[in-house]
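Let me begin by presenting the structure, written as structure tokens, before commenting on it.
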Protein chains: 2
Amino acid sequence: MDYMIDVGTQIFQKLTPVKRQKVFQSAISEFAEQGYRKASVNNIVRTAEISKGSLFQYFSSKRKLFTCTVNASAVLVKDYLKNVRNETTGENFFDRLEKIILSGFRFIDKHPLMARIYFQLLQSGEAPFGSEQVMELRRNAERFLGELILEAMSKGELRRDLSTDKVSFIIYSLLESLLRAYYSDFIGESSGIYKASPEGLTIWVRTVIDFLRDGISNRG
Amino acid sequence: MDYMIDVGTQIFQKLTPVKRQKVFQSAISEFAEQGYRKASVNNIVRTAEISKGSLFQYFSSKRKLFTCTVNASAVLVKDYLKNVRNETTGENFFDRLEKIILSGFRFIDKHPLMARIYFQLLQSGEAPFGSEQVMELRRNAERFLGELILEAMSKGELRRDLSTDKVSFIIYSLLESLLRAYYSDFIGESSGIYKASPEGLTIWVRTVIDFLRDGISNRG
DNA sequence: GGGTCAGGTGACCATGTGGTCATTCTATCT
DNA sequence: AGATAGAATGACCACATGGTCACCTGACCC
């Protein structure tokens with residue numbers, strides 16, 4: 001569980017991995033299910049089976065505990081992105097994009113709680129830190145897309161008259177919508193994306209990408 | 001202020017319009033600025049300059065008060081949509097879409113608090129009611145778009161091989177992204193949409209729509 | 001065995017919450 | 001002026017919150 005490196009105080013780091021994991025997982029569940037505000041420290045210590053005093057020795061405050069949680073999920077996301085980027089270098093832009101989106105779905109499958117925390121943070125105003133950190137997460141994703149786009153442009157796969165920022169914004173919007181629809185019942189239900197089968201998902205992704213291509217790909 | 005019709009108990013309805021307005025506005029401000037969970041009844045009562053007992057005579061609970069707030073904003077949104085639809089009947093689909101989006105920006109300018117409540121509800125998991133009501137709001141918007149799309153298809157303005165649902169999803173995603181970017185600092189700042197000038201906004205909208213057109217318009 | 005001390009503990013604290021209700025006020029009618 | 005009804009009031013309630021701290025425990029060393 002290398003995404004837990006440097007999480008919490010030294011005392012927390014000295015714990016046995018299994019206990020550390022139990023505490024951290026309890027926090028993740030609570031935050032994911034309740035959101036930051038409603039999440040209760042009392043609940044966390046109860047399910048982690050530690051005393052409240054201990055928790056505050058591991059993480060100096062509720063806020064710190066939450067930011068650790070968020071950082072861990074950000075590390076996971078970055079990892080996924082890096083992997084899919086490396087696995088697809090050299091491929092066509094649209095193929096890469098397809099794989100990125102599908103990898104997003106896989107991330108949600110594997111780390112539903114982390115995904116929930118990440119999304120909640122990204123869009124809700126209930127961020128407990130200043131919005132700078134949230135913007136940092138966003139900028140990260142946009143930078144990632146931006147680089148892909150520039151690369152694709154230089155290879156002549158995309159029209160050159162488009163502004164990178166605007167294309168990046170558009171793609172990011174669609175990407176985020178797809179992922180949100182997949183993990184959230186009340187968004188994805190009407191579209192049929194929520195918990196769709198792999199085949200259904202692939203169709204959706206292809207549709208959106210075909211649509212993107214006809215819009216921004218280099219014709220001629 | 002006809003969006004306040006049927007809001008609250010009979011006692012509330014008997015109040016003078018100015019007092020009613022003051023109470024309701026206080027609630028709207030608090031909910032918009034703090035979100036449902038953190039919003040404090042005590043704050044609302046303080047800024048409305050009434051006693052707590054009175055508020056609970058006007059609205060039987062915090063939750064009811066909030067749903068009234070939401071309903072009011074939904075009424076406003078519907079009104080805006082109906083207007084722009086009527087004003088643009090007969091026009092080209094993409095022109096209509098442009099006007100719809102611009103009208104969305106105007107809505108945010110005129111009713112920033114309402115917009116905030118509406119968006120918060122639409123995307124955050126902190127909805128205090130069952131997700132059905134949230135889904136209802138979404139379905140509403142999608143139905144609206146869906147009808148426009150069908151109409152445009154029947155007039156031959158759009159490719160006919162596209163599924164209405166998927167096109168509707170895509171457009172809705174972009175529309176929502178644009179509006180969210182306009183009203184939210186930490187989303188819109190990097191793109192430059194946040195509080196952009198009317199000209200800047202128009203450029204953005206045109207870009208997105210041009211992009212949409214090349215993607216889904218009928219090239220014949 | 002006695003001393004040491006890092007780490008665990010949970011009773012406790014101040015504060016804030018949504019909600020209630022006995023009382024008071026006020027406007028209208030006789 | 002007195003009576004009456006209905007609305008306004010705020011002290012009060014039970015509860016939950018994040019956070020603290022004086023105490024206890026148990027492993028280690030001499």
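The sequence lines fix the lettering, A, B, ..., with proteins before strands; numbering per chain opens at 1. Here the structure is a predicted model, which is why all the values come from computation and not from measurement.
Note: NZ (A/K38) to C1' (D/dT17) measures 14 Å, nearest angstrom. Summarising the geometry, the separation between CZ on A/F56 and C1' on C/dG10 is reported as 13 Å, rounded to the nearest angstrom. Going from atom NZ of A/K62 over to atom C1' of D/dG19 covers 12 Å, rounded to whole Å. At whole-Å resolution of the value, CD in A/Q57 and C1' in D/dC24 are 13 Å apart. Separating the CZ atom of B/F59 from the P atom of C/dG19 is a distance of 13 Å, rounded to the nearest angstrom. Distance A/I50 CD1 to C/dT9 P: 8 Å, rounded to the nearest Å. When rounded to the nearest whole Å, the span between CD1 of B/I44 and P of C/dG18 equals 8 Å. The CG atom of B/L55 sits 13 Å away from the C1' atom of C/dT20 (whole-angstrom rounding).
Side-chain atoms of A/K52 come within donor-acceptor range of the base of D/dG18, with a qualifying N/O pair under 3.5 Å.
Between A/R46 and A/S60, the one whose closest nucleotide on DNA chain D sits nearer the 5' end is A/R46.
The existence of a salt bridge linking A/K38 and A/E30 is excluded, since no basic side-chain nitrogen approaches an acidic carboxylate oxygen closer than 4.0 Å. A/R85 has no carboxylate O lying under 4.0 Å from a charged side-chain N of A/E151, or vice versa, which leaves the two without a salt bridge. In this structure, B/R180 pairs ionically with A/E176, as a charged nitrogen and a carboxylate oxygen lie closer than 4.0 Å. The pair A/E142-A/R139 does not meet the salt-bridge criterion, since no charged nitrogen lies less than 4.0 angstrom from a carboxylate oxygen.
Considering only side-chain atoms of A/S54, the nucleotide from C/dT9, C/dG18, D/dT9 that sits closest is C/dT9. Among the nucleotides D/dA8, D/dT17, C/dG7, the one closest to the side chain of A/K14 is C/dG7. Taking the side chain of A/N42 as heavy atoms from C-beta on, and the options D/dG19, C/dG10, D/dT17, the nearest nucleotide is D/dT17. Between D/dA8, C/dG18, D/dG19, one nucleotide has an atom nearer to the side chain of B/K19 than all others, and that is D/dA8. The listed nucleotides are C/dG8, C/dT9, D/dA8; the one nearest the side chain of A/I11 is C/dG8.
Within the structure, every side-chain polar atom (N or O) of A/S51 is placed at least 4.0 Å from both OP1 and OP2 of C/dG10. Residue A/Y58 places at least one side-chain N or O closer than 4.0 Å to OP1 or OP2 of C/dG8.
Distance check, rounded to the nearest 0.5 Å: NZ of A/K99 to CD of A/E87 gives 8.5 Å.
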